[in-house]
There are 2 protein chains.
Amino acid sequence: MAETIYKIGAFSKKVGLPNSTLRYYEDEGLIKPHYDGNGQRFYTDQDIKWIGFILHLKGTGMRMGELKDYVTWRAQGDATIPQRVELLDRVKRNAEDEIKELEANLEIVRHKIDWYQGKLDASIDEDEDFDHYLQRFQ
Amino acid sequence: MAETIYKIGAFSKKVGLPNSTLRYYEDEGLIKPHYDGNGQRFYTDQDIKWIGFILHLKGTGMRMGELKDYVTWRAQGDATIPQRVELLDRVKRNAEDEIKELEANLEIVRHKIDWYQGKLDASIDEDEDFDHYLQRFQ
DNA sequence: TGTTGACTTCAAGTGTACTTGAAGTAATAT
DNA sequence: ATATTACTTCAAGTACACTTGAAGTCAACA
């Protein structure tokens, strides 16, 4: 089967990122599309996979700078695998911590919602209860 | 027992926010410290609790604008409880979604780490395996 | 052939949540 | 008394990750 190619507009729709972002990522060295005889970019299915992976990494909180490091290391071959693993592992731990924190804060918000809903049924003095409530989280 | 009061420096240490942030929050209407005869702010234990709650709300992703709404509604009394619950509930759902997304992305990163660690043991062709690996997430 | 739409580069602008700096007054410590 | 620290306001600056605008070239279709 022949290789499918995408110009920036088509690729943009395919991966769900605006053209501007694709150019920006290219400027930053995260993607390297090919260029045709007229100087227009085109992308392949390989690029779709790669962008997908980038988005997963970004989705765990990886920064542009770290992503750039990763790309650089990847281009340098297997010798840099330890660095890459270290980076991924740090990002992983950060994401895990973030989830824990989110869960904890979420728990407070859930309690507060419950408390308000109780208040909608039976009218209690707000200030006193709010204090009492908050004391549980100090 | 007499009421403990804190000037901004002491309060800053107590709640873990820089003075500048405390002034900023005040400008934005999130906190209302008292002022002494010399025009200097002071805070009470009430304010500590309130800041604590604010930080929990921010920790779930609530924006300044939403926080301002919340404060405004709170000042307006019980009639605005439905709005407050609606806001908290939206913030709650956003946080839950964010956690789910983080978990999903984290899963990809964990697999990738495992894969790299396998690669450190047995040398496999990177490009082929990377492709194969990525195909599982399309 | 013309016009619409997609593409190009490069610089400047945007939003969010602070953070820093300037310039000065007040309180505390030696 | 004086030096140091804490405080004040207000405006401007910062970081991050894009996003938009200007000014122009190229391609596709009626």
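Proteins come first, then strands; the chains are lettered A, B, ... in the order of their sequence lines, and each starts at number 1.
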Could you state the atom-to-atom distance from [atom1] of [X] to [atom2] of [N] in whole Å?
{"X": "A/D36", "N": "C/dC7", "atom1": "CG", "atom2": "P", "answer": "11 Å"}
{"X": "A/L30", "N": "D/dC16", "atom1": "CG", "atom2": "P", "answer": "15 Å"}
{"X": "B/I51", "N": "C/dC18", "atom1": "CD1", "atom2": "C1'", "answer": "14 Å"}
{"X": "B/I31", "N": "C/dA17", "atom1": "CD1", "atom2": "P", "answer": "15 Å"}
{"X": "A/Q40", "N": "D/dC26", "atom1": "CD", "atom2": "P", "answer": "9 Å"}
{"X": "A/I54", "N": "D/dA17", "atom1": "CD1", "atom2": "P", "answer": "13 Å"}
{"X": "A/H34", "N": "C/dC7", "atom1": "NE2", "atom2": "C1'", "answer": "18 Å"}
{"X": "B/I8", "N": "D/dT5", "atom1": "CD1", "atom2": "P", "answer": "18 Å"}

Checklist entry - Which sits closer to the 5' end of DNA chain C, A/K13 or B/K7, going by the nucleotide each is nearest to? => result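 On the 5' side of the pair lies A/K13.
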Next on the checklist: Which residues in residues 16-29 of chain A have a heavy atom closer than 4.0 Å to any atom of DNA chain C?
Outcome noted: A/N19, A/R23
Item to check | For DNA chain C, the residues among residues 58-65 of chain A that have a non-hydrogen atom under 4.0 Å from it | outcome: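 The answer is none.
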Item to check | Cluster check B/F42, B/Y25: I/L/V/M/F/W/Y, side chain < 4.5 angstrom | outcome: no
Next on the checklist: Quiz question: by atom type and distance under 3.5 Å, do the side chains of B/Y70 and B/R84 form a donor-acceptor pair?
Outcome noted: no
Checklist entry - In terms of side-chain heavy atoms, does B/D45 have a donor or acceptor partner in B/Y6 at a distance below 3.5 Å? => result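 There is such a pair (donor and acceptor under 3.5 Å, judged by atom type) between the side chains of B/D45 and B/Y6.
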Answer yes or no: is there an ion pair linking [X] with [Y], defined by an N-O contact shorter than 4.0 Å?
{"X": "B/R110", "Y": "A/E96", "result": "yes"}
{"X": "B/D89", "Y": "B/R93", "result": "yes"}
{"X": "B/K68", "Y": "B/E28", "result": "yes"}

Next on the checklist: Nearest 0.5 angstrom please: A/M62 CE to B/N105 CG, how far?
Outcome noted: 11.0 Å
Checklist entry - Distance from A/L106 atom CG to A/H111 atom NE2, nearest 0.5 Å? => result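 That separation rounds to 10.5 Å.
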Next on the checklist: Main chain of A/L30, side chain of A/W50: is a donor-acceptor contact present, judged purely on distance under 3.5 Å?
Outcome noted: yes
Item to check | Any B/R41 side-chain nitrogen or oxygen under 4.0 Å from OP1 or OP2 of D/dT8 | outcome: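 The answer is yes; a side-chain N or O of B/R41 sits under 4.0 Å from OP1 or OP2.
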